[in-house]
Engineer: 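Handing you a structure now.
Numbered from 1 within each chain, the chains take letters A, B, ... in sequence-line order. For the numbers below, each heavy atom of this structure counts, side chains included, while hydrogens, waters and symmetry mates do not.
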Amino acid sequence: MKLVQETPFRFRIERHGPMRVPGVVFTTPDLLPEEEALRQVANVATLPGIVRASYAMPDLHWGYGFPIGGVAATDVAAGGVVSPGGVGFDISCGVRLLAADLLREQLAPRLNRLMDELDLATPRGLGRGGVWPLPGSAQLGRVLREGARYAVEQGHGVPRDLDRCEDQGAVAGADPAQVSGRAVERGAVQVGSLGSGNHFLEVQAVTEIYDAEVAAAFGLRLGQVCVMIHCGSRGLGHQICSEHVRSMDKAMARYGIHVPDRQLACAPVDSPEGRAYLGAMAAAANYGRANRQLLSEAARRVFERVTGAALDLVYDVSHNMAKLEEHDGHRLCVHRKGATLALPPHHPGLPADLAPFGQPVFIPGTMGTASHVLTGVADGPAFHSTCHGAGRVQSRHQAARSIQGRDLRDRLEARGIAVRASSWRGLSEETPTAYKDVDAVVAAGVGAGLCGNVARLVPLGVVKG
DNA sequence: ATGTCC
């Protein structure tokens, strides 16, 4: 495969074989991933209706069909397709940041107690329920339609929270009728739970401010304590993805669609299968947003009790979504998988007070390193998208073999990071050495013109899924 | 990511 470096932060995969557009990878030579991920970028470029390029962010790595860190837009009017693999199994997985009215030195004497209480208050782990009193399964329909808005309406949050959520807390077009009974069954008992894998709730502190004006507008200052929550749509999103991949895999031949990898199963956006998936995907997206809202409320109650400090929502973003967006007069289905929407300054989708500064974006790093706050910039080259995390370099298996969970906990604690894990195996799979350097990933994103860097945060304590 | 295989 021919990879041409076009600028210090931009590589091009020339069109070859059935590719309809080129591949464009925003990265640096030392962040370039395994060949297989680049192959996936090229495979995505064969999808019917794809426009401009198959894009990849600096945290690019191998995924199911589509690479993680991939952005692909299809033109709906030109037979453009939607593909569940372009969103990922964890539909609407995302990140929110809450800022405490508290400095890290004020928290220090109470950190351990705070972490103990967050540990108890955060349902998590594989399969394990983590049920919230909010919905019985009868109320799940409202969660699927109204997302975080329903949670706030029920008293789990304040109206201002919704101004600080992408899509004001609920995606339009959710169709609970397209969510199977199995998905509902799995989802009903997991509302308000963190999950496992790389999902976490961290107490962090702001250690660097790169853009003082934007940081102030986001409500962030040096030394401030924050809470970052990274989670998704749990078994419900997983079930929906599996079912719709299967249905599209069967339907593709009828639409005359041929893809180089069955994991790219897709159907025209404007088809029964396409509409069914998008309706179910939006429902899962709303579930994910309600989930993050409820976990925020749990954290707020703990903070209030232990420190007396309030937590203000800075923003909430998804990094696994497909959205119907207007670009240059065309209605496009923009898939972002392990990639974050980053609206530029003055975009109508921004709340008025953030309009001059662009949309906040959060990049969760790894447990031992750092996380970043970014902002959307004008003229973003990939449909206003940027990276979503550090990006894996080791498989879960490799990571787990490299260190015992208890040893990792000890090492982190020795560096002053309080760890509350739900499983030792899960903790070892998330060892910081399994990931790229998040600072380098962010620098590549900034260099490529995808985003601006606003602030850096380091973990004080981690509640691990 | 995920009742780590319907």
Engineer: Report yes if the distance between the aromatic ring centroids of A/His372 and A/Phe362 is under 6.0 Å, otherwise no.
Structural biologist: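 No, too far apart.
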Engineer: Under 4.0 Å between a side-chain N or O of A/Ser242 and OP1 or OP2 of B/dT2?
Structural biologist: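 Checking A/Ser242 against B/dT2: no side-chain N or O falls below 4.0 Å of OP1 or OP2.
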Engineer: Can you tell me the distance, in whole Å, between the CG atom of A/Asp90 and the P atom of B/dT2?
Structural biologist: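 After rounding, the reported distance stands at 6 Å.
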Engineer: Rounded off to whole Å, could you give me the CD-to-P distance for the A/Glu243 and B/dC5 pair?
Structural biologist: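 From A/Glu243 CD to B/dC5 P: 17 Å.
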Engineer: Atom CD of A/Gln239 to atom P of B/dC5: distance rounded to whole Å?
Structural biologist: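 In whole Å, B/dC5 P and A/Gln239 CD are 14 Å from each other.
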Engineer: Rounding to a whole Å, what distance do you find between A/Asp249:CG and B/dC6:P?
Structural biologist: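 Nearest whole value for this atom pair: 15 Å.
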Engineer: Counting the atoms with a prime plus P, OP1 and OP2 as sugar-phosphate, which does A/Ile91 contact under 4.0 Å by heavy atoms, base, sugar-phosphate, or nothing?
Structural biologist: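 No contact.
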Engineer: Can you tell me how far P of B/dT2 sits from CD of A/Glu185, to the nearest Å?
Structural biologist: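 Atom CD in A/Glu185 sits about 18 Å away from atom P in B/dT2.
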Engineer: When we call it a touch if two heavy atoms are under 4.0 Å apart, what does A/Gly195 touch: a base, just sugar-phosphate, or nothing?
Structural biologist: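 Sugar-phosphate only.
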Engineer: When the distance from CZ of A/Arg234 to P of B/dT2 is rounded to whole Å, what number comes out?
Structural biologist: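 Taking atom P of B/dT2 as the reference, CZ of A/Arg234 is at 5 Å.
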Engineer: To the nearest Å, give me how far apart CD1 (A/Ile68) and C1' (B/dT2) are.
Structural biologist: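 Answer to the nearest Å: 13 Å.
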Engineer: Enumerate the residue pairs fulfilling side-chain hydrogen bond (donor to acceptor under 3.5 Å, both in side chains) with a member in residues 258-269 of chain A, sequence neighbours excluded, ordered by first and then second residue.
Structural biologist: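 Every pair satisfying side-chain hydrogen bond (donor to acceptor under 3.5 Å, both in side chains) with a residue in residues 258-269 of chain A: A/Asp249-A/Arg262.
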Engineer: Using only side-chain N and O atoms of A/Arg396, determine if any of them is under 4.0 Å from OP1 or OP2 of B/dT4.
Structural biologist: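 A/Arg396 to B/dT4 OP1/OP2: no side-chain N or O under 4.0 Å.
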Engineer: Using the ring of each side chain (for Trp, its six-membered ring), is A/His347 parallel, tilted or perpendicular to A/His384, with breaks at 30° and 60°?
Structural biologist: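 Aromatic pair A/His347/A/His384 classed perpendicular.
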Engineer: Output the rounded distance in Å from CD1 (A/Ile240) to P (B/dT2).
Structural biologist: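 One finds 14 Å between P of B/dT2 and CD1 of A/Ile240, rounded.
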Engineer: Using a cut-off of 4.0 Å on non-hydrogen atoms, how would the nucleic acid contact of A/Gly232 be classed: base, sugar-phosphate, or nothing?
Structural biologist: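 If one applies the 4.0 Å heavy-atom cut-off, A/Gly232 turns out to touch nothing in the nucleic acid.
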Engineer: Quick check: on DNA chain B, is the nucleotide nearest A/His199 upstream (toward 5') of the one nearest A/Arg246, or the reverse? Name the residue that is more 5'.
Structural biologist: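 Here A/His199 is the residue nearer the 5' end.
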Engineer: Under 4.0 Å, counting only non-hydrogen atoms across every strand here, what does A/Gly88 touch: a base, just sugar-phosphate, or nothing?
Structural biologist: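 Result for A/Gly88 = nothing.
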Engineer: Regarding A/Arg182, tell me which of base, sugar-phosphate or nothing describes its non-hydrogen contacts under 4.0 Å with the strands shown.
Structural biologist: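 A/Arg182: base contact, heavy atoms under 4.0 Å.
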Engineer: Tell me if the aromatic rings of A/His319 and A/His230 count as close, with their centers under 6.0 Å from one another.
Structural biologist: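 For A/His319 and A/His230, the ring centres are under 6.0 Å apart.
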Engineer: Is it true that a side-chain atom of A/Thr431 and a backbone atom of A/Ala399 form a donor plus acceptor pair closer than 3.5 Å?
Structural biologist: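 Not a single qualifying donor-acceptor pair exists.
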